[in-house]
J.: 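Quick one: the structure is below, questions incoming.
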Amino acid sequence: MKNLSLSVIIGLIFSAIGTASLFLTRDPLMAAIWLSFGNGLILSNLRFSKPDAAGHMVAAPIPKVRFYVGIGLIVMAVVLLGVQVYMDMQLA
């Protein structure tokens, strides 16, 4: 539990909301927004522990690829939110 920061916990909550909204509302765009943002937070902030040369557990650095994919998912969530707002404005 030490490697779960506040942003990772928020990401887990957002991902759970996205999954529940997909099952309850059957609106894939809104679920994709929640899931993309939540998974982006998890990917860009989750740290794993590994033993060092002395045998002590230390937090491994976040790989650059995983960090950039997480940021990309957060940006995708913002873009999808813009698409959702645009589609809602067209209905009104």
Side-chain angles (χ1 to χ4, degrees):
M1 286 298 279
K2 286 189 237 177
N3 58 356
L4 292 181
S5 64
L6 181 62
S7 58
V8 171
I9 293 171
I10 291 171
L12 289 170
I13 291 170
F14 277 28
S15 295
I17 290 171
T19 303
S21 71
L22 181 63
F23 290 125
L24 295 176
T25 64
R26 306 263 192 239
D27 184 10
L29 184 58
M30 187 57 67
I33 293 167
W34 285 99
L35 286 167
S36 180
F37 190 74
N39 290 336
L41 283 175
I42 293 169
L43 277 177
S44 63
N45 293 314
L46 184 62
R47 293 183 175 265
F48 296 107
S49 298
K50 68 177 184 177
D52 62 357
H56 299 99
M57 296 300 282
V58 294
I62 299 171
K64 294 286 186 197
V65 171
R66 199 176 83 196
F67 179 75
Y68 291 136
V69 168
I71 297 300
L73 283 170
I74 293 171
V75 169
M76 183 59 72
V78 173
V79 169
L80 288 173
L81 185 60
V83 169
Q84 180 72 38
V85 168
Y86 177 75
M87 289 176 56
D88 288 345
M89 295 299 277
Q90 294 297 317
L91 292 175

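Sequential numbering from 1 along the given sequence is applied to the chain's residues.
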J.: Hey, any chance L6 and I13 share a hydrophobic cluster, counting ILVMFWY side chains that come within less than 4.5 Å of each other, even indirectly?
T.: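 Hydrophobic grouping puts L6 with I13.
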J.: Ignoring hydrogens, what is the shortest heavy-atom contact between G18 and A31? Give both atom names and the distance.
T.: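 Looks like O-CB, 3.5 Å.
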J.: Knowing that exactly one of L91, V85, V83 qualifies, which makes a side-chain contact (heavy atoms from CB on, under 4.5 Å) with M87?
T.: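 One option only clears the test, and that one is V83.
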J.: Is it the case that atom CE in M30 sees more than 12 heavy atoms from other parts of the structure closer than 6.0 Å?
T.: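 Atom CE in M30 is crowded, with more than 12 foreign heavy atoms closer than 6.0 Å.
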J.: Within this structure, what is the CD1-CD1 distance for the pair I9 and I42, rounded to the nearest 0.5 Å?
T.: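 Answer for the CD1-CD1 pair, I9 versus I42, is 10.5 Å.
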J.: For A77 versus S36, what's the shortest heavy-atom pair and its separation?
T.: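 Heavy atoms of A77 and S36 come nearest at N-OG, 3.5 Å.
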J.: Under the side chain to side chain donor-acceptor pair (under 3.5 Å) definition, can you give me all pairs with a residue in residues 57-85, not counting sequence neighbours?
T.: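 Found Q84-D88.
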J.: Are side-chain N/O atoms of N45 and S5 paired as donor and acceptor at under 3.5 Å?
T.: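 N45 vs S5: no donor-acceptor pair found between side chains.
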J.: Applying a strict under-4.5 Å side-chain criterion to I, L, V, M, F, W and Y, I'd like to know whether I17 and I10 cluster together.
T.: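 Looking at the clustering, I10 is in the same group as I17.
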J.: Sequence neighbours left out, what pairs pass ring-ring contact (aromatic ring centres under 6.0 Å, His included) with at least one residue falling in residues 16-47?
T.: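 Of all non-adjacent pairs touching residues 16-47, those that pass ring-ring contact (aromatic ring centres under 6.0 Å, His included) are F14-W34, F14-F37.
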J.: For L46 and I62, which heavy atoms make the closest approach, and how far apart are they?
T.: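 Scanning both residues, the minimum pair turns out to be O-CG1, 3.9 Å.
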J.: Side-chain heavy atoms under 4.5 Å apart, restricted to Ile/Leu/Val/Met/Phe/Trp/Tyr: what other residues fall into the cluster of L43, or is it alone?
T.: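 Members alongside L43: V65, V69, L73.
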J.: Testing the basics here: between M57 and S49, what is the closest heavy-atom pair and its distance to 0.1 Å?
T.: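 Taking M57 first and S49 second, the nearest heavy atoms are CE-CB, 3.9 Å.
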J.: About how many Å separate CG of L41 and CD1 of I74, when rounded to the nearest 0.5 Å?
T.: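 Going from the CD1 atom of I74 to the CG atom of L41 covers 4.5 Å.
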J.: Output the distance between atom CD1 (I33) and atom CG (L80), rounded to the nearest 0.5 Å.
T.: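 CG of L80 is found 5.5 Å from CD1 of I33.
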